[in-house]
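In what follows, a single structure is set out as structure tokens and then discussed.
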Amino acid sequence: MGGIYRLLQFVALCFSQRIHQCRIRFNTTLAKAQCYGFAFASIPFASAEVPEKAYLFPHFYWNGDSGMHLAWSRDGLSWELLNDGKSMITPVVGESKLLRDPSVARGPDGTYHMVWTDSWGSKTIGYASTKDFINWSEQKTIPVMVHEEGAQNSWAPEVFWDPDAENFIILWSTTLKGEFPETALSNRRPTRNHRIYCTTTEDFEHFAPTRLYYDGGFNVIDAVLAKDGADWLMFVKHEQLSPTTQKNIRLVRGKTSHGPFSAPSDPISGDYWAEGPSPFKLGDYWYVYFDKHMFNAYGAVRSGDLENWEDVSETLSFPKDVRHGCFIEVDRSILEPLLAL
């Protein structure tokens, strides 16, 4: 009777919690139940429940002290936490040992490379890699701006695999004190006057010299790339507060991953502050997620032609309090062990 009692306990648990958290354990319970003469032919096994393709959303909470957390989705719109909401990796490197603004890119060998903001005012960014989002390499810092005495920060790094150049591009925003005086007071004070910088690497051991990547003539942060056929898209946050407030997402286009770049589009986000864009293609539409940080909420817009954008924030279902993350497509072999945690 003990086995039957445990089965009934499990069924009750499935009704009281999200079903996907029970699917992996169900196989073991089902096998035990069959030993007692029960048959559940109408209930599918876990392998049938886990989709062939799904999406992950690495993100952080509050100030980034707790590290990187994961959510997953079948459709890119409705998201649920993995690992019971617990951190997948806790930061141990960097000036402040934070893990903010995680960005992840998959290399051609199947390794996932993650970079992040490790402090509000450091000249380094954090880095670690993984094959499965469960087991991680040793963390380290990448000294992207240590050569610049006037560098005030290294914010929101983004990493991308460039299939044309066969290397990784890392972008981030930095204020170099005294540079770009024409926008020095565009965001309260001269120490928050950003431009986008970059480096490239093939192995995350050796890095090309840091260089200015994008100066559109305005205060800019949170640059993120996406491939669109032979062309490249770059979504950025216009960071200007005065003389007129922007704080919105713009689209810039390039013929290569390193430009030359077009003039920025009109704002694609709405009448609210938005940052941390994360673009991806779903069906016929380009979606761009962003952090509506003044409302402690996530939002999104979509477009079928990259010209006309509609706000679809109301169609999203995100866990409470998620901050600046990124969008990754994964297959069942990655997702299934994560669901079992």
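Numbers for residues simply follow the sequence, beginning at 1.
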Report the residues that fulfil side-chain contact (heavy atoms from CB on, under 4.5 Å) with [X], sequence neighbours left out, ordered by chain and then residue number.
X	value
K255	D231
S129	T111, H113, Y127, S137
S103	V115, E158, V159
R106	Y112

**Prompt:** ring pair (Phe, Tyr, Trp, His ring centres under 6.0 Å) with H59: which residues, sequence neighbours excluded?
**Reply:** F57, Y61
**Request:** Output all residues satisfying ring pair (Phe, Tyr, Trp, His ring centres under 6.0 Å) with F180, sequence neighbours left out; order by chain, then residue number.
**Result:** none
Just to verify, what does [X] make a salt bridge (Lys or Arg N to Asp or Glu O under 4.0 Å) with, not counting sequence neighbours?
X	result
K140	E205
K227	D164
E310	R302

**T124 side-chain N/O to T141 backbone N/O, donor-acceptor pair under 3.5 Å** = no
When the side chains of residues 278-286 are checked against the rest of the protein, which donor-acceptor pairs come out under 3.5 Å, sequence neighbours left out?
| unit_1 | atom_1 | unit_2 | atom_2 | d |
| --- | --- | --- | --- | --- |
| S278 | OG | F327 | N | 3.1 |

**Asked** What pairs of residues pass the side-chain hydrogen bond (donor to acceptor under 3.5 Å, both in side chains) test when at least one of them lies in residues 241-251, not counting sequence neighbours?
**Response** N187-K247, E239-K247, Q240-T244, Q246-N248, Q246-R250, N248-R250
**Request:** Please name all residues satisfying side-chain hydrogen bond (donor to acceptor under 3.5 Å, both in side chains) with S333, sequence neighbours left out, ordered by chain then number.
**Result:** D331
